[in-house]
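Below: one structure, written as structure tokens.
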Amino acid sequence: MSSVIDDYLVDPEVSLLDKTRMQAQVLVPVLRALRDELGKDKADAIVKQALREWSKQLFAALGDGIEGSPRRKWAAVQSVFGEVSGKEVEVEILRHDQEALHIDVTRCRFAEFFRALGEPELGALLICETDFDIAAIGEGEVSLERAQTIMRGAPSCTFRYKFAPR
């Protein structure tokens with residue numbers, strides 16, 4: 001099943017956290033140079049727009065490459081993404097049934113990395129916001145609400161998936 005996201009992963013032998021570190025090695029200096037030149041607000045807005053569009057297109061294309069219902073497409077991508085990111089997070093499953101999946105992430109090494117860099121907003125764009133793009137693969141059959149993230153200073157990330165009746 002990991003072949004679903006091979007294009008995203010580039011090299012499945014390298015962990016998602018290490019790939020994120022590689023992205024940050026390039027993005028952080030570029031972001032900081034843009035901030036020096038354009039100011040923080042404008043630079044952050046440009047980077048946010050670029051990264052959000054990239055992520056939305058990437059995950060929409062992943063979903064398009066999977067056969068089945070939107071919920072099945074979401075489940076396939078979510079499962080694989082859970083495998084590759086699961087080594088870097090500690091989770092507590094609070095509910096899992098036909099109507100909902102509620103998960104709290106209680107430790108996140110991605111957040112630890114970006115907070116240590118002093119760039120939690122960049123981490124939120126690269127890591128946290130992609131969860132909504134994955135949920136969008138569900139085309140209304142799956143929705144995600146999240147009230148807080150560790151990346152933004154909360155004690156946990158609250159994933160609240162709701163599933164439309166079948």
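Side chains included, hydrogens not; waters and symmetry mates left out as well; all remaining heavy atoms used.
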Nearest 0.5 angstrom please: [X] [atom1] to [Y] [atom2], how far?
| X | Y | atom1 | atom2 | answer |
| --- | --- | --- | --- | --- |
| Ile134 | Leu144 | CD1 | CG | 9.5 Å |
| Glu119 | Arg32 | CD | CZ | 4.5 Å |
| Asp44 | Leu31 | CG | CG | 5.5 Å |
| Glu53 | Asp133 | CD | CG | 9.5 Å |
| Gln148 | Cys157 | CD | SG | 8.0 Å |
| Thr106 | Ile150 | OG1 | CD1 | 6.5 Å |

Just jot down the salt bridge (charged side-chain N to carboxylate O under 4.0 Å, His left out) partners of [X], sequence neighbours excluded, or say none.
| X | answer |
| --- | --- |
| Lys42 | none |
| Arg146 | Asp131 |
| Arg95 | Asp97, Glu99 |
| Glu129 | Arg152 |

TODO: Using the ring pair (Phe, Tyr, Trp, His ring centres under 6.0 Å) rule, collect all pairs that involve residues 83-130, keeping only residues at least two apart or in two chains.
DONE: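 Pairs touching residues 83-130 that pass the test: none.
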
Task: Contact list for residues 118-166, test ring pair (Phe, Tyr, Trp, His ring centres under 6.0 Å), sequence neighbours left out - done: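 Matches after skipping sequence neighbours: Trp74-Tyr161, Trp74-Phe163.
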
With a 4.5 Å limit on heavy-atom distance, are the side chains of [X] and [Y] in contact?
| X | Y | value |
| --- | --- | --- |
| Glu145 | Lys162 | yes |
| Val14 | Met22 | yes |
| Arg52 | Lys56 | yes |
| Asp104 | Arg160 | yes |
| Ser15 | Glu88 | yes |

Show the nearest heavy-atom pair for residues [X] and [Y], with the distance to one decimal.
| X | Y | result |
| --- | --- | --- |
| Arg115 | Pro120 | CG-CB, 4.1 Å |
| Val142 | Arg71 | CG2-CG, 4.1 Å |
| Leu117 | Ala24 | CD1-CB, 4.1 Å |

Open item on the list: Please check: side-chain N/O of Thr130 versus main-chain N/O of Ile127, any donor-acceptor pairing under 3.5 Å?
Closed with: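 Judged by distance alone, yes, a pair lies under 3.5 Å.
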
Task: Short side-chain to backbone donor-acceptor contact, Thr20 and Leu16, under 3.5 Å - done: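 Looks like yes, one N/O pair under 3.5 Å.
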
TODO: Step through the shown structure and confirm whether more than 12 heavy atoms of other residues, nucleotides or ligands are within 6.0 Å of CD on Glu90.
DONE: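 Enclosed.
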
Task: Residues Glu112, Arg107: salt bridge by 4.0 Å N-O rule - done: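 Yes, Glu112 and Arg107 are salt-bridged.
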
